[in-house]
Amino acid sequence: MTEPSHLTAVRESYDTVAAEYARRVPAPAGLDPVSRAMLAAFAELVRPLGPVADLGCGPGRVTAHLVALGVRAFGVDLSPRMVELARAAHPELRFTTGSMTALDIPAGELGGVLAYYSTHHTPPRHLPAVFAEIHRTLAPGGVLMPAGHVGDGERLNPTSAYGDHPVSYTSYLLPPDRIAELLEEAGLVVTTRLVQEPEGASKRRSGTFLAYRTDGWRGTA
């Protein structure tokens, strides 16, 4: 089966920029206090639930941060070069190459999924399949935390990034309400929506969500 063109563009682009991305993008300790707090809250929620997949893990810094917070986390990334960097920086952790559209993870296996700035390159028409696949891998009571750039439906097509390296991906900045709708349509219950306005070096709004798989679960979200 032919791979969707957006996956090819993302893989090739992040293979190209991987080393510079790792140098430029701050580690979790360098994030703003609210973003750090949301990661800490996610860690507290999923710690007792089971293994956690960090989808779009990049060079592995957020995965390692979750592990330091007591989470049984592993990383998955579409870019083989990103996975190489993650394994080299954190040889004690597990990192695999894969797509969030078809995860090599058994159904109901995960206590949590983190999608940290890793879904905004997915065309909106493909997001239902991505969220459905995440729902499949979550155990009842499992938690998804997607976070990333949001907007009013803008579509950005940069030709270079991270030190003027050529890229061919597209960024889709969906409204937060639309992201919440897509999560709910995938069978997840959204309990938290946080929108941060641009400040400091940031030029874009960002949104963070907490969503639970509640079917077959006797607890409360």
Side-chain angles (χ1 to χ4, degrees), residues 3 7 10-11 13-15 17-19 21-23 25-31 35-122 127 129-148 183 186-188 208-213 217:
E3 179 180 72
L7 294 181
V10 169
R11 177 187 294 107
S13 295
Y14 279 98
D15 275 351
V17 304
Y21 178 101
R23 280 191 288 267
V25 174
L31 295 173
S35 296
R36 294 199 308 272
M38 287 301 297
L39 285 171
F42 174 73
E44 183 174 346
L45 290 168
V46 300
R47 204 157 35 228
L49 299 181
V52 170
D54 178 11
L55 303 183
C57 65
R61 290 173 181 162
V62 176
T63 315
H65 181 69
L66 291 177
V67 171
L69 293 173
V71 176
R72 288 177 284 158
F74 63 95
V76 180
D77 202 278
L78 188 62
S79 161
R81 181 59 181 143
M82 284 290 195
V83 171
E84 288 177 9
L85 292 176
R87 289 172 175 168
H90 309 284
E92 74 285 4
L93 303 183
R94 177 161 66 99
F95 296 96
T96 61
T97 303
S99 168
M100 64 181 74
T101 61
L103 295 166
D104 187 18
I105 299 171
E109 176 81 5
L110 301 177
V113 171
L114 179 68
Y116 206 68
Y117 289 81
S118 57
T119 62
H120 62 278
H121 294 312
T122 302
L127 281 175
V130 168
F131 292 149
E133 177 67 349
I134 291 172
H135 179 279
R136 181 190 68 80
T137 66
L138 283 171
V143 186
L144 164 64
M145 188 174 104
L183 292 169
L188 298 162
T208 305
F209 305 79
L210 291 173
Y212 292 73
R213 177 176 176 176
W217 186 40

Once side-chain hydrogen bond (donor to acceptor under 3.5 Å, both in side chains) is applied, what residue pairs with a partner in [range] remain, sequence neighbours excluded?
| range | result |
| --- | --- |
| residues 129-139 | Glu133-Arg136, His135-Asp215 |
| residues 48-58 | Asp54-Thr63 |
| residues 37-46 | none |

- Task: State which residues pass ring-ring contact (aromatic ring centres under 6.0 Å, His included) with His121; sequence neighbours excluded, sorted by chain then number.
- Result: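 His121: ring-ring contact (aromatic ring centres under 6.0 Å, His included) contacts with Tyr14, Tyr169.
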Does [Y] offer a backbone N or O that forms a donor-acceptor pair with the side chain of [X] under 3.5 Å?
| X | Y | result |
| --- | --- | --- |
| Asp77 | Val83 | no |
| Thr97 | Pro80 | no |
| Arg61 | Ala29 | no |
| Arg213 | Leu138 | yes |

Taking all non-hydrogen atoms of both residues, which atom of [X] and which atom of [Y] are closest, and how far apart?
| X | Y | result |
| --- | --- | --- |
| Pro26 | Leu31 | CG-CD2, 4.5 Å |
| Ala89 | Pro59 | CB-O, 4.5 Å |
| Gly50 | Arg72 | CA-NH2, 3.1 Å |
| Leu66 | Ala43 | CD2-CB, 4.4 Å |
| Ala186 | Ala132 | CB-N, 4.0 Å |
| Leu183 | Pro146 | CD1-CG, 4.1 Å |

Would you indicate whether the side-chain heavy atoms of [Y] and [X] approach each other to under 4.5 Å?
| X | Y | value |
| --- | --- | --- |
| Leu39 | Leu114 | yes |
| Tyr212 | Leu45 | yes |
| Pro51 | Ile105 | no |
| Met82 | Phe95 | no |
| Leu69 | Phe42 | no |
| Leu103 | Leu55 | yes |
| Leu85 | Tyr21 | no |
| Thr96 | Asp104 | no |

- Residues in side-chain hydrogen bond (donor to acceptor under 3.5 Å, both in side chains) contact with Ser99, at least two apart in sequence or another chain: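 For Ser99 the side-chain hydrogen bond (donor to acceptor under 3.5 Å, both in side chains) partners, ignoring immediate neighbours, are Thr101.
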- How long is the span from the CG atom in Leu110 to the CG atom in Leu49, to the nearest 0.5 Å? 11.0 Å
- Query: Going through the checks in order, is the side-chain contact (heavy atoms from CB on, under 4.5 Å) test met by Val62 and Tyr117?
  - Reply: CA-CA 11 Å; Val62 176; Tyr117 289 81; over 6 Å; no
- Query: Listed by chain and number, what are the salt bridge (charged side-chain N to carboxylate O under 4.0 Å, His left out) partners of Arg87, not counting sequence neighbours?
  - Reply: none
